[in-house]
Participant: 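The structure that follows is given in the form of structure tokens.
Residues: numbered from 1 along the sequence shown.
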Amino acid sequence: MMTKFPHLRQDFAASLVVFLVALPLCVGVAVASGVPAELGLVTGIVGGIVTGMMRGSSLQVSGPAAGLTVLVFEAVQEFGLPVLGVLVLATGLLQLLMGALKLGRWFRAISVSVVEGMLAGIGLVLIAGQLYSVADAKAPASGLEKIAGLPGALAQAVGDTEALASIGLGAGTIAVLVLWKRMPRQLRTVPGPLAAVGLATAVAAVFSLPVATVEVKGLLGSIQPPSLDAFGELANVGVLTTIVAFTLIASAESLFSAAAVDRLHDGPRTEYNKELMAQGAGNTVCGVLGALPMTAVIVRSSANVQAGAKTKASRVMHGVWLLLFAALLPATLALIPLPALAGILVHAGFKLIPFRGIVSLWRSHRGEALILVVTAVSIVAVNMFEGVLIGLALSVVKTAWEASHVKLEVIDKGAGPIQAYLSGNATFLRLPKILDSLENLPQDRPVELDLSGLHHLDHACRTALENWAERHSAVGTEPVRVTEQEPEPEPERVTAP
């Protein structure tokens, strides 16, 4: 047995650790998304057993992620829970198609600043929304209203005993998560999220705190395959936009997570197209079951690697443990206080914001830092999908601007023709600067324009330079002499004797 599965012991131990990390997160993400808690477990089970068995990234673990919580909550509020299965099913099918077309590697071309800005924006909205849950209050709809309303919600909670108990339990959960890394090594064998939820549950039970707990409907009772009426919502433009947002964000987060996990171990590298298809297969099954969308989750994946996992067997077994828990011990979910789950997600939201990364990025690449911040603020101020589009547009503009770097050097010896040398990439983005410099040259002097140093000259620039040369020559001076780079000669063909 050990010969056939040489790493069974390490994978078994790692699977238990990942299960204990995933359990409170699956439940917390589901509750924050506005769906039954059991649906978070369903997505975790599918992520472990279905996606876990497929090829792609051998040590990456998938399940419901905090990164999609805000978008799922908005979708459920707008379209209803029955339509969630359609959204997730369509997302899975699109991911399968993109994987089959080998588009996985193109997600690696997305600016890291846009992805980190997306996660930071999600983190900000997630923190603001979950702080209302900690204070036992209802959160406003938009991201800006959530942030603006926090002081008022806190002031209102001060005079409410139940709200204060809820705040105390949520704050205690966050404190345990923050301080857990400083605990003795023997104690840290229990994952921080599980310890925090366990302690909060014990405190709430011992002191009979008046706080809300998880509502339990049963595993089979929570599964809602999409109906034919729900598929009719595909004619809704808003539904189609949400599907595109689900697909782009889930795929980008999963593949960026895969790149991060690859840096944590020395095993086989991720096959990006196969990993995209694995995520698509998992989301397709989740859609059929009416569950939450899945992504690869860096918290679970890093816990898997650090626990000593060697093969994909660890993530498959973690899915089995989630299934056994959901089938045999579902009633224990009803003991978990909602403020504790909200505290876990507040902590998760903070981890989505790259505070140190923004500072270091500002010092070395201010343009990238600006893209990150603008993407995050746009998501908070507008919405998820449009915020990401704004970030992508800024990234493209920045890249185009940097790629169009051009230098104009003018040499005037006082007599004879003025020599102007253009080098770099001459595109329409730098055309005003080039023309301003050329039009400032004396009109009564001949000009020699040397373009041999240009790597690229687009049509707009060529046309504008030709028009300027005609205007400059029209006042009676000698025609502008233009020198262009000679094309490289084709290599000679050697014919075998």
Participant: Measure the spacing between CD of E253 and CG of L248 and express it to the nearest 0.5 Å.
Facilitator: 12.5 Å
Participant: Before you tell me yes or no, could you show the steps for R366 and L370 under side-chain contact (heavy atoms from CB on, under 4.5 Å), namely the whole-Å CA-CA distance, both residues' side-chain angles and the distance that decides it to 0.1 Å?
Facilitator: CA-CA 6 Å; R366 293 195 174 183; L370 185 65; over 6 Å; no
Participant: Taking only residues two or more places apart in sequence or in another chain, which ones pass side-chain contact (heavy atoms from CB on, under 4.5 Å) with E386?
Facilitator: V382, N383
Participant: Rounded to the nearest 0.5 Å, what separates atom CZ in R462 from atom CG in L465?
Facilitator: 8.5 Å
Participant: Minimum heavy-atom separation for P226 and V288, please, with both atom names.
Facilitator: CD-O, 3.5 Å
Participant: Can you sort out the partners of E368 under side-chain hydrogen bond (donor to acceptor under 3.5 Å, both in side chains), two or more places apart, ordered by chain and number?
Facilitator: S111, S113, K398
Participant: State, with a plain yes or no, whether a side-chain heavy atom of L119 is found less than 4.5 Å away from one of E116.
Facilitator: no
Participant: Atom NE2 of residue position H456 - does it have more than 12 heavy atoms of other residues, nucleotides or ligands inside 6.0 Å?
Facilitator: yes
Participant: For the backbone of P293 and the side chain of T43, can you confirm whether one donor and one acceptor N or O come within less than 3.5 Å of each other?
Facilitator: no
Participant: Could you go through the side-chain contact (heavy atoms from CB on, under 4.5 Å) check for T247 and M98 one step at a time?
Facilitator: CA-CA 10 Å; T247 304; M98 290 190 300; 3.4 Å; yes
Participant: For N273, what residues pass the side-chain hydrogen bond (donor to acceptor under 3.5 Å, both in side chains) criterion, not counting sequence neighbours?
Facilitator: none
Participant: Flag the pair V447 / R481 as yes when at least one side-chain heavy-atom distance between them is below 4.5 Å, and no otherwise.
Facilitator: no
Participant: How close do R315 and T51 get, counting heavy atoms only, and between which atoms?
Facilitator: NH2-O, 3.7 Å
Participant: For E145, does the CD atom have more than 12 heavy-atom neighbours from other residues, nucleotides or ligands under 6.0 Å away?
Facilitator: yes
Participant: Please determine whether side-chain contact (heavy atoms from CB on, under 4.5 Å) holds for the pair I418 and V410, giving the CA-CA distance in whole Å, both sets of side-chain angles, and the decisive distance to 0.1 Å.
Facilitator: CA-CA 7 Å; I418 297 173; V410 177; 3.6 Å; yes
Participant: Is the backbone N or O of K433 less than 3.5 Å from a side-chain atom of S437, with the two atoms forming a donor-acceptor pair by type?
Facilitator: yes
Participant: So, using salt bridge (charged side-chain N to carboxylate O under 4.0 Å, His left out) as the criterion, who are the partners of K274 when residues are at least two apart?
Facilitator: E271
Participant: Which pair of heavy atoms, one from G99 and one from M277, lies closest together, and at what distance?
Facilitator: CA-CG, 3.5 Å
Participant: Using residues 371-380 as the side-chain source, report each donor-acceptor pair under 3.5 Å to any protein atom, sequence neighbours left out, with the distance given to one decimal.
Facilitator:
{"residue": "T375", "atom": "OG1", "partner": "I371", "partner atom": "O", "Å": "2.7"}
{"residue": "S378", "atom": "OG", "partner": "V374", "partner atom": "O", "Å": "2.7"}

Participant: So N425 and L454, do their side chains get closer than 4.5 Å, heavy atoms only?
Facilitator: no
Participant: With a 3.5 Å distance limit and no angle check, can you tell me whether S395 reaches the backbone of G391 through a side-chain donor-acceptor pair?
Facilitator: no
Participant: Between NE2 of H265 and OG of S301, what distance do you get to the nearest 0.5 Å?
Facilitator: 9.5 Å
Participant: First locate atom CG of D450, then atom CD of E409, and finally report the distance between them rounded to the nearest 0.5 Å.
Facilitator: 10.5 Å
Participant: Once side-chain contact (heavy atoms from CB on, under 4.5 Å) is applied, do any residues pair with P479, and if so which ones, sequence neighbours excluded?
Facilitator: S473
Participant: Side chains of L177 and P193: does their closest heavy-atom pair fall under 4.5 Å?
Facilitator: yes
Participant: Return a table of donor-acceptor pairs under 3.5 angstrom between the side chains of residues 78-97 and protein atoms on other chains or two or more places apart.
Facilitator:
{"residue": "T91", "atom": "OG1", "partner": "L87", "partner atom": "O", "Å": "2.8"}
{"residue": "Q95", "atom": "OE1", "partner": "N283", "partner atom": "ND2", "Å": "2.8"}
{"residue": "Q95", "atom": "NE2", "partner": "S251", "partner atom": "OG", "Å": "3.0"}

Participant: What is the distance from atom CG of L289 to atom CG of L292, rounded to the nearest 0.5 Å?
Facilitator: 11.5 Å
Participant: I'd like to know whether CD of Q156 has more than 12 heavy-atom contacts from other residues, nucleotides or ligands below 6.0 angstrom.
Facilitator: no
Participant: Just do the side-chain contact (heavy atoms from CB on, under 4.5 Å) check on L451 and T483 with the steps written out, would you?
Facilitator: CA-CA 6 Å; L451 305 181; T483 304; over 6 Å; no
Participant: Counting only heavy atoms not in R188, do more than 12 sit closer than 6.0 Å to its CZ atom?
Facilitator: yes
Participant: Check salt bridge (charged side-chain N to carboxylate O under 4.0 Å, His left out) between R471 and all other residues, then give those that pass, not counting sequence neighbours.
Facilitator: E439
Participant: Over all heavy atoms of both residues, which pair between A14 and N304 is shortest? Give the atoms and the distance, please.
Facilitator: CB-OD1, 3.8 Å
Participant: To the nearest 0.5 Å, how far apart are CG in L408 and CG in L422?
Facilitator: 5.0 Å
Participant: Report, as yes or no, whether the 6.0 Å neighbourhood of atom CE on M53 holds more than 12 heavy atoms from other residues, nucleotides or ligands.
Facilitator: no
Participant: With D412, which residues qualify under salt bridge (charged side-chain N to carboxylate O under 4.0 Å, His left out), at least two apart?
Facilitator: R445
Participant: Report yes or no: does K146 contribute a side-chain atom to a donor-acceptor pair with the main-chain N or O of P140 at less than 3.5 Å?
Facilitator: yes
Participant: Can you list, pair by pair, the side-chain donor-acceptor contacts under 3.5 Å of residues 57-73, counting residues two or more places apart and other chains?
Facilitator:
{"residue": "S57", "atom": "OG", "partner": "T270", "partner atom": "OG1", "Å": "3.3"}
{"residue": "Q60", "atom": "OE1", "partner": "S257", "partner atom": "OG", "Å": "3.0"}
{"residue": "Q60", "atom": "OE1", "partner": "A258", "partner atom": "N", "Å": "2.7"}
{"residue": "Q60", "atom": "NE2", "partner": "E275", "partner atom": "OE2", "Å": "2.9"}
{"residue": "S62", "atom": "OG", "partner": "Q279", "partner atom": "NE2", "Å": "2.8"}
{"residue": "T69", "atom": "OG1", "partner": "A65", "partner atom": "O", "Å": "3.4"}
{"residue": "T69", "atom": "OG1", "partner": "A66", "partner atom": "O", "Å": "3.1"}

Participant: At their closest point, which heavy atom of G104 faces which heavy atom of L255, and how far apart are they?
Facilitator: O-CD1, 3.3 Å
Participant: Would you give me the side-chain donor-acceptor pairs under 3.5 Å for residues 346-354, sequence neighbours excluded?
Facilitator:
none

Participant: Can you give me the closest heavy-atom contact between L431 and C461, atom names plus distance?
Facilitator: CD1-SG, 3.7 Å
Participant: Which residues pass the ring pair (Phe, Tyr, Trp, His ring centres under 6.0 Å) test with H472, sequence neighbours left out?
Facilitator: W468
